Protein chains: 2
Amino acid sequence: MTIASATPYCSHGAHCQTCSLSSLCLPVSLKTGELDHFDAIIKRRPPLATGDCLFRQGDHFSNVYAIRSGSLKQVNFDHAGNEQITHFFLPGELVGFDGIDDGYHTGYAHAMETTCICEIPFSHLETLAERIPQLRSQLFRSMSREMKEDHRLIRLLSCKTADERIAGFLINLAVRFQRCGHSSKTYRLPMTRTDISNHLGLALETVSRVLKRFRDNHLVAIRGRDVQILQPQLLYKLAENGSP
Amino acid sequence: MTIASATPYCSHGAHCQTCSLSSLCLPVSLKTGELDHFDAIIKRRPPLATGDCLFRQGDHFSNVYAIRSGSLKQVNFDHAGNEQITHFFLPGELVGFDGIDDGYHTGYAHAMETTCICEIPFSHLETLAERIPQLRSQLFRSMSREMKEDHRLIRLLSCKTADERIAGFLINLAVRFQRCGHSSKTYRLPMTRTDISNHLGLALETVSRVLKRFRDNHLVAIRGRDVQILQPQLLYKLAENGSP
DNA sequence: CGGTTTTTTGAGTACAATCAAGTAGGGTGG
DNA sequence: CCACCCTACTTGATTGTACTCAAAAAACCG
């Protein structure tokens, strides 16, 4: 059986008990009986098509979502209408925690490709977490992990050079793709160059040029959206440091 | 009685029941009896002096902390040793959630001035949260709020111009100072220009120059660390948009 | 295949970094 | 209390990176 993320279309009737991503997801430390309870509160939605919205800015917060396959981008608007892509979400990742605070979602979540989602009603999740300490801990851990991920991005964005930002971005995607069952070296970008440039605070043309430079220096092989990391350790060094 | 944040030195024997910041903090929605239980698990530590460490990178995570007065900066190091200030924390804010995930702190927290802290043992907090639904909800909300705050910073850092970043930074501080009982227009920066430049991914000199430009344009009055926002709506527009 | 979107590449420019002094402010000790 | 030091901050001149404008090439889609 192939991993879920390799098959963009996945069964509507999937269950946590058989999901290959459960080790990344909330049920990670649940015992069989508990897992059945958890699985029972999940709603599997029909797959989202490219461009579809999972939730919109201002929508009432009532669920968090786990990605079973595909990918999402989360877009926030400021009052002047400028949009900013704050997150890309990959299979096994959880979406929507930032809505808990005041009860509505602060941005849009768009599917970047055909994407299958597990919908987890937050009120049920909270009730279940009250009874199952492992689930509660995992919930805190998941939120904490998203915070740490955000801090990583904050560090990345305060890097001065475009090269550092893009190297960091490519490395980070590699790590996350590997975590959900891909090769650590080869993946396909789900987002456009425009999305990348917006996310990293760079001009579209700069992204294109930096990628070309990386290609010319044989750090990565990039054709369109297909990425192959040729020299991970050099790319990593570049992301952290600055020197080639 | 003056607000806690206006008196840098505060009593060691403070209690949630009388704390002026409790409306910002975890006990916000607790009833009297519950508040007593909550107050009982808090440890009040002797004040930190300027430069003191609340926790260090790699320290075992066992507490979250609430700031009663003063301020902290959180500094993260990458593997190359570059440091990055990911957060400044003000009175009424909670510190340390990012340590939950894998059980240790990912950065240093330094006091930027004399700072009083409430130490909240996380295991006790979790146990208490199991019994008190309001506390549990508030805990989730607090974490969610920190996420949202991080997303705001991410948006700020992906702004292209130095003016936008610094305008956004000044506005954000004004909002947070106001929340903890200060004027919305006037405050004193607890951090150095170097700290600001590091946090915003700019050069120290750029921070100085932009502040001078804001002063020349009568957007703000700045003398040393004392800030007075003269034209909040213009500054806000600048932060969101770009135009003067 | 034509039309649209996405990506690449080029030329010129602007903004912020760097290098380099110089000034103010805060603390210590004589 | 003043001289001193050290750090924090300001200001100036120059350089370089990344942005903008512009247009061509490639990929995508019906």
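It should be emphasised that the depicted structure is a prediction, and the values quoted were computed from it without experimental measurement. Order of the sequence lines fixes the chain letters, A, B, ..., with proteins taken first and strands second; residue numbering starts at 1 for each chain.
- For DNA chain C, the outermost nucleotides in 5' to 3' order that have an atom under 4.0 Å from a heavy atom of chain B are C/dA16 to C/dG25.
- Distance, B/R213 CZ to D/dG12 C1': 14 Å, rounded to whole Å.
- Remark: A/K148 engages B/D101 in a salt bridge, criterion side-chain N to carboxylate O under 4.0 Å.
- Under a 3.5 Å cut-off, the side chain of A/Q57 and the backbone N or O of A/T106 do form a donor-acceptor pair.
- In this structure, A/R225 does not reach the D/dA27 phosphate: none of its side-chain N or O atoms is under 4.0 Å from OP1 or OP2.
- Residues passing the salt bridge (Lys or Arg N to Asp or Glu O under 4.0 Å) test with A/R155 are A/E240, sequence neighbours excluded.
- Listed for the B/E113 side chain is no donor-acceptor partner under 3.5 Å among the backbone atoms of B/T50.
- In this entry the distance linking CG of B/D226 with C1' of D/dC9 reads 14 Å, nearest Å.
- Taken residue by residue, residues 188-203 of chain B places heavy atoms nearer than 4.0 Å to DNA chain C at B/G201, B/L202, B/A203.
- Put simply, CG on A/L204 is 15 Å from P on D/dA18, counting in whole angstrom units.
- As a whole-Å value, the separation of A/R223 CZ from D/dA27 C1' is 10 Å.
- Residue contacts for B/R165: at a heavy-atom cut-off of 4.0 Å it reaches no nucleic acid atom on any strand shown.
- Not a single donor-acceptor pair under 3.5 Å links the side chain of B/E146 to the backbone N or O of B/M143.
- With ring centers used as reference points, B/Y108 lies under 6.0 Å from B/F77.
- Every residue was checked against the ring-ring contact (aromatic ring centres under 6.0 Å, His included) condition with A/F97, not counting sequence neighbours, and none meets it.
- A donor and an acceptor atom, one from each side chain of B/H151 and A/D150, are located under 3.5 Å apart.
- Counting only residues at least two apart or in different chains, side chain to side chain donor-acceptor pair (under 3.5 Å) contacts with residues 200-223 of chain A comprise A/D163-A/R213.
- Using a distance-only test at 3.5 Å, with no hydrogens or angles considered, no donor-acceptor pair links the side chain of A/H87 to the main chain of A/Q74.
- For A/F61 and A/H105, the ring centers sit closer than 6.0 Å to each other.
- Side-chain atoms of A/D163 lie closest to D/dA18 of the nucleotides D/dC9, D/dC19, D/dA18.
- The terminal axes of the helix from C/dC1-D/dG30 to C/dG30-D/dC1, fitted over 5 pairs per end, subtend an angle of 50° to the nearest 10°.
- One can place NZ of A/K212 at 17 Å from P of D/dA18, the figure rounded to the nearest angstrom.
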